[in-house]
2 protein chains.
Amino acid sequence: MKAGTDLAQIASLVGDPARANMLAALMGGTALTASELAMEAGVTLPTASAHLARLSDGGLLRMTRQGRHRYYALADHQVAAMLESIMGVAAALGPQKVLPGPRDTAMREARICYDHLAGEAGVAMFDAFAERGFIAIDGDDVNLTDKGAGFFSDFGLDIEAMRGKRRPVCRSCLDWSVRRSHLAGSLGAGVLDRFIALKWARREKNSRVIRFTPPGRAAFERMLRADEGRTGA
Amino acid sequence: MKAGTDLAQIASLVGDPARANMLAALMGGTALTASELAMEAGVTLPTASAHLARLSDGGLLRMTRQGRHRYYALADHQVAAMLESIMGVAAALGPQKVLPGPRDTAMREARICYDHLAGEAGVAMFDAFAERGFIAIDGDDVNLTDKGAGFFSDFGLDIEAMRGKRRPVCRSCLDWSVRRSHLAGSLGAGVLDRFIALKWARREKNSRVIRFTPPGRAAFERMLRADEGRTGA
DNA sequence: TTCATAGTTCGATGCTAGCCAAAGTATGCA
DNA sequence: TGCATACTTTGGCTAGCATCGAACTATGAA
């Protein structure tokens, strides 16, 4: 009875098309202004403003003011994970959608999930890091190993800084398209940042799609495969 | 844009208090009749009937007719997992609720999640099975080992029958109270069934709470600890 | 057949909530 | 100070939908 009320409260926030479009846009991980979100949802500014107020009050969004702009972002990765799980259900029982176009295929291959890499590439990377002993998986907990700390430091990440933060370094996040885990947490975010900084990949404009450059793809594959040959899964 | 529409469609189904209460009741795993669900949601039969039709059309429920009864149940474990994740968000940012009463404490300790054991006991069991080498965890995939197959057969489960079904034998499911994985899949369901058959535990009336009997608790602990002493986590 | 139970369908009602236009507030810039 | 941009608030309109009572269908039992 009480459980249902809580459930409905959160779900009804997501259950409006305008708000859902805003949330989906924010799954891209970058904070957006009220106007941008209004555009994204296809409503006028006043309407968007009201929706954003409700989402913020409900605890799904976090807002930071910057001059006369107000930037909205998802409150935390738990909210992002929830949205992914709903999308998962929608994708699973929504064969009523048109056949997957090129955009969908690209999303399946590699996309940004909040702030880290998801899709086939994300899952492959997660598996490879586990295989190479960089991360240790214990149930739903994922931990960075000493070997991994060395590797990612060499790769250009500031592991010590990550450890100082409140946010967990490693976290697994369920992938809706592949239905397996990929790497989230500050490490997951850092790795993707680095990919983009190194120009291995870039974000497609106004979409969650991540596109690898040809040399980036090769470097990425090398990173997964390591120097030793091993049997594929 | 399209993503948001799908998202909203599913979420709005959950976003009505009456429907949410029905879904929460069905998280207990047992199929319920339309009348029972109407009672649970606090609405009249016609209203409940309309809601159930929408949930079924939306793909969240599965209905089976039995004489003049119609039994409704969650469509699959993916739907159950989605509901758990929404409850997780609600629990995390809902400190507006009254302080956790005895019912809540019991829910945290051991409860039924769709058809398998969740809560602290569920997470402890998952970890112990992994520790004892009965299940092998590979990313989000969980697989039964030969050693595990032997153990669970001795425990009274028909492993061969489970393997024949469409449903995966092992699956991990994220626990909203402990935020770690517990064991789902037909094995998870089978183990809980066995606990109840052996009178190690019983379901509390009209609730998701699982109560261990004193001897059952002892037997359960013994099952986790195995015969060898080991360092606790 | 007749009655009872379980559930759906129909019609009417009332409330909620989304929507926009216009006016109001706040910040930045010249 | 004055103007522009970014966003919120207010007010009024509308549509959708949750709700219930009453009538209808279907299964089971006497």
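Computed from a predicted structure; not experimentally measured. The basis for the numbers below is simple: all heavy atoms, side chains too, and nothing from hydrogens, waters or symmetry mates. Per chain, numbering begins at 1; letters A, B, ... match sequence-line order.
No option in B:F129, B:W200, B:F220 other than B:W200 meets the ring pair (Phe, Tyr, Trp, His ring centres under 6.0 Å) test with B:F155.
Under 4.0 angstrom from either OP1 or OP2 of D:dC17 there lies no side-chain N or O belonging to B:H51. At the phosphate of C:dC20, OP1 or OP2 sits under 4.0 Å from a side-chain N or O atom of A:T47. A sub-4.0 Å separation between OP1 or OP2 of D:dA26 and a side-chain N or O of B:H69 is absent. The phosphate of C:dA6 has neither OP1 nor OP2 within less than 4.0 Å of any side-chain N or O from B:S35. At the phosphate of D:dA26, neither OP1 nor OP2 sits under 4.0 Å from any side-chain N or O atom of B:R70. Distances shown here put a side-chain N or O of B:R54 below 4.0 Å from the OP1 or OP2 atom of D:dA18.
Rounded to whole Å, the distance from OH on B:Y71 to C1' on D:dT27 is 14 Å. Distance CG (A:D57) to P (C:dA17): 14 Å, rounded to an integer number of Å.
A:A53 comes within 4.0 angstrom of nothing in the nucleic acid, heavy atoms only. Within 4.0 Å of B:R19, counting heavy atoms only, lie sugar-phosphate atoms of the nucleic acid but no base atom.
Between B:E36 and A:D16, the residue whose closest nucleotide on DNA chain C is further toward the 5' end is B:E36.
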